[in-house]
Structure formats: structure tokens, C-alpha cells
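FYI, side chains are in, hydrogens and waters are out, and symmetry mates aren't considered; it's all heavy atoms of this structure. Keep in mind that what you see is a predicted model, and the values were worked out from it rather than measured.
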Amino acid sequence: MSEYSAGRSGFPPAYLDRVGSSFTDFLAAAAPDLLPGRRPVPQLPVGDVTPHGTTIVSVTYDGGVLMGGDRRATMGNLISSRDIEKVYPADAWSVIGIAGAAGIAIEMVRLYQVELEHYEKIEGLTLSLDGKANRLAQMIRGNLGAALQGLAVVPLFAGFDLDAAPGTTPGRIFSYDVTGGNYEERGYAAVGSGSLFARNSLKKTWRPGLDGDAATRSLVEALYDAADDDSATGGPDPVRRLYPIVYRVDAEGAVRLTDDEVAAVAKIITDERAAAEGQG
């Protein structure tokens, strides 16, 4: 490294001479204290005093993949937020949903969004879906110390595979554990405190080859069932106009469904169940 490069434009060498395509690697060299996993780890478990996001659900359908999440965040036995957003676009062709310590999870999502954008600008092409899933696994692995103190982040990742072979399903879903283990799911997946109830619902309502509308119904119904049995999962709230956040990812890219679209699906479900209760 030359003295010229070290003093060029007043920037440190790491800003000018590092040639990797990973923004996370660059940050580790230039400002490691900004990485979520490099922060000082509390010496005592602090999970119960930290807001946590809960249930995230994802399903594939004929042409893409959907991901949705409820809006509630909890702190111990208290509701800390009723309108938190837990599902975000990772880039134009993928989405990420967060469950776990809300503050760290949101920070990780923002870093991950920059990571994918940085790679695309440096390399001039989009990272493959498998590559995106592996990059996220590395970030989760870096947060292991905090996870052991109750600040775990366990996301769900899904996207449209631009390189999918003809005849295969282009929508793909990846789940993780706190150590960064990366597992591809088939058909549907759920994470968070209400995931057991959501998966049980999906076993009955999801099937291969669903169209987009039917898959949306299946996803929203799974979140409704999770909220019915899990106090940390928030159900549809027509009084406050709070409904699950749902993203659709297909050949046109990642698009968030409007609140009116999700509310219409939720209303069909609640009306059907109210009618069934009345008949009983």
C-alpha cells in the first residue's frame, strides 16, 4: 500500500484500496464496531426486557413466493408495539422476515439490504438466490454471542430464483437457526413463537400448484390461526386498521400487498368463521 493511497482525498486506505464485493467484510475492516455481532455482549440474559418480533410465514405458489408477518412485538408479558413491520424487501427479487430481538433484527435487515446492493454495484450483476441465502447465514452466525444472551435473530428468507430450471418452482424459501444454519424449505415455512400453530394451519390449507390468491388466503389464515393460540402474535385489527404485512415475489419482482387487499382476505376468513360459530 503506497503513502499516496493512504492519504488520497483524506480517506483511510480501507475506503479506497479494498476490492471485495462484500459490504460486511468492508465494514469489518473499516468500522467493525458498527456490525451488530461486534457490539459488547451483555453478561446477563436480557431477552425478557427487549422487544421481540414474532410469527413470520412464507408459502410458495404457482409463479412465485409469498411472505407475511403479524404486527405485534412483545417484551416479556407486555405488548411493546402493535404495528411493527417484520417483513422487508431484501432486494428486487427477495424478501426477509424477522423474528427475535427486534432492534438487532431491523439493524441486520438494513445491513443485509446494503450488502446485496453493494455486491450488485461492485460486480455488475445480481447475486444468485443461493448466494443471498448464504450471505444472510454469515450475518446470523456473527450474532451468536448476543443470541446466547437472549438477543437471538432468526429470520426467514424467500425469493424468486431467476436461474430456476424449466419445470421447477421459481419461488424458494430458506430458514435459519441461531448458529447461521441454512435450510431450504419446501412449500411453506414459519418461524417465531406462533410458528407451530401456523405450520399446522398450512398443513391443511396449502398444496402444490396454488395460484396467488389461494396462497394469499392460506398465508393470512395461518397467521390468523397463530394469533388465535399464541398471545405474542397479533391478529387482524380492523379497529386500528392493522393487518399482516404481506409481500409477493414473482417474475415482476417483490411487491407489497396493500392493506385493503390483506383486509379483504382477512374479512373473508373472519366472516366464514363467524358464520360457522353461529351454526354451531
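Separating the CD1 atom in Ile56 from the CG atom in Asp70 is a distance of 6.5 Å, to the nearest 0.5 Å. Here the straight-line distance linking atom OH of Tyr61 with atom OG1 of Thr169 works out to 12.0 Å at 0.5 Å rounding. Rounded to the nearest 0.5 Å, atoms OH (Tyr88) and CD1 (Ile106) are 4.0 Å apart. Between the OG1 atom of Thr205 and the CG atom of Leu219 there is a distance of 9.0 Å, given to the nearest 0.5 Å. Separation of atoms NZ (Lys204) and CZ (Arg199) is listed at 14.5 Å; rounding is to 0.5 Å. Rounding to the nearest 0.5 Å places CG of Asp228 at 12.5 Å from CG of Leu223.
A salt bridge links Arg217 to Glu272: one of the charged nitrogens lies within less than 4.0 Å of a carboxylate oxygen. One finds a salt bridge joining Arg273 and Glu221 here, because a Lys/Arg side-chain nitrogen approaches an Asp/Glu carboxylate oxygen to under 4.0 Å.
Between Arg241 and the options Asp259, Asp260, Asp83, a salt bridge (Lys or Arg N to Asp or Glu O under 4.0 Å) holds for only Asp260.
Under a 3.5 Å cut-off, the side chain of Tyr176 and the backbone N or O of Ala133 do form a donor-acceptor pair. In terms of modelled atom types and a separation under 3.5 Å, the side chain of Thr55 and the main chain of Thr233 share no donor-acceptor contact.
The side-chain heavy atoms of Met139 and Arg135, taken from C-beta on, include no pair separated by under 4.5 Å. Residues Val249 and Met67 are not in side-chain contact: their nearest non-hydrogen atoms beyond the backbone lie 4.5 Å or more apart. The shortest side-chain heavy-atom distance between Arg71 and Ile245 falls under the 4.5 Å cut-off. Between Val65 and Thr60, the closest side-chain pair of non-hydrogen atoms falls below 4.5 Å. Residues Phe160 and Glu252 have side chains not in contact (no heavy-atom distance under 4.5 Å, counting atoms from C-beta outward). Contact of the Leu129 side chain with the Trp93 side chain is not registered, since no non-hydrogen atoms from C-beta on lie closer than 4.5 Å. Proximity of Leu66 to Thr216: side-chain heavy atoms (C-beta onward) are separated by under 4.5 Å at one or more points. In this structure, the side chains of Val87 and Val246 stay at 4.5 Å or more apart for every pair of heavy atoms.
Applying the salt bridge (Lys or Arg N to Asp or Glu O under 4.0 Å) test to Lys203 and every residue at least two apart in sequence or in another chain returns nothing. The side-chain contact (heavy atoms from CB on, under 4.5 Å) check on Asp237 picks up Val239, Arg240, Leu242, with sequence neighbours excluded.
Put simply, Ile140 and Phe174 are part of the same group of oily side chains (I, L, V, M, F, W, Y) that touch within less than 4.5 Å, one to the next. Tracing side-chain contacts under 4.5 Å through hydrophobic residues (I, L, V, M, F, W, Y), one reaches Tyr119 starting from Val109; they form part of the same cluster. The hydrophobic cluster containing Tyr183 does not contain Ile96, counting ILVMFWY residues as joined when their side-chain heavy atoms lie under 4.5 angstrom apart, directly or transitively. Linking ILVMFWY residues whenever their side-chain heavy atoms come closer than 4.5 Å, directly or via other members, leaves Val220 and Ile268 in distinct clusters. Transitive grouping of hydrophobic side chains (ILVMFWY, heavy atoms separated by less than 4.5 Å) brings Tyr224 and Leu210 into a common cluster.
Side-chain contact of Ser94 with Asp91: a donor-acceptor pair under 3.5 Å is present, judged by distance alone. Using modelled atom types, one finds a donor on one side chain and an acceptor on the other under 3.5 Å when comparing Ser175 with Glu185. Between the side chains of Asn134 and Asn182, at least one donor N or O sits under 3.5 Å from an acceptor N or O.
Considering every non-hydrogen atom in both Pro170 and Ala164, the closest pair reads CA-CB, 3.9 Å. Ala227 approaches Gly234 most closely through the heavy-atom pair CB-C, 3.7 Å. The nearest pair of heavy atoms linking Gly63 to Asp250 is O-CB, 3.4 Å. For the pair Lys267 and Thr270, the tightest heavy-atom approach, listed with the atom from each and the gap, is O-OG1, 3.0 Å. In plain terms, the two heavy atoms of Val153 and Ala101 that are nearest each other are CG2-O, 4.0 Å. In terms of heavy atoms, Gly194 sits closest to Asp230 at N-OD2, 3.2 Å.
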For this session: Before giving the answer on side chain to side chain donor-acceptor pair (under 3.5 Å), spell out for Thr126 and Lys132 the whole-Å C-alpha distance, their side-chain angles and the decisive distance to 0.1 Å.
Result: CA-CA 9 Å; Thr126 301; Lys132 295 173 189 177; 6.0 Å; no
Problem set entry | Step-by-step side-chain contact (heavy atoms from CB on, under 4.5 Å) determination, Val265 to Tyr243 | CA-CA 10 Å; Val265 177; Tyr243 297 95; over 6 Å; no
For this session: Could you walk me through whether Val154 and Asp177 pass the side-chain contact (heavy atoms from CB on, under 4.5 Å) test, one step at a time?
Result: CA-CA 6 Å; Val154 185; Asp177 60 33; 5.9 Å; no
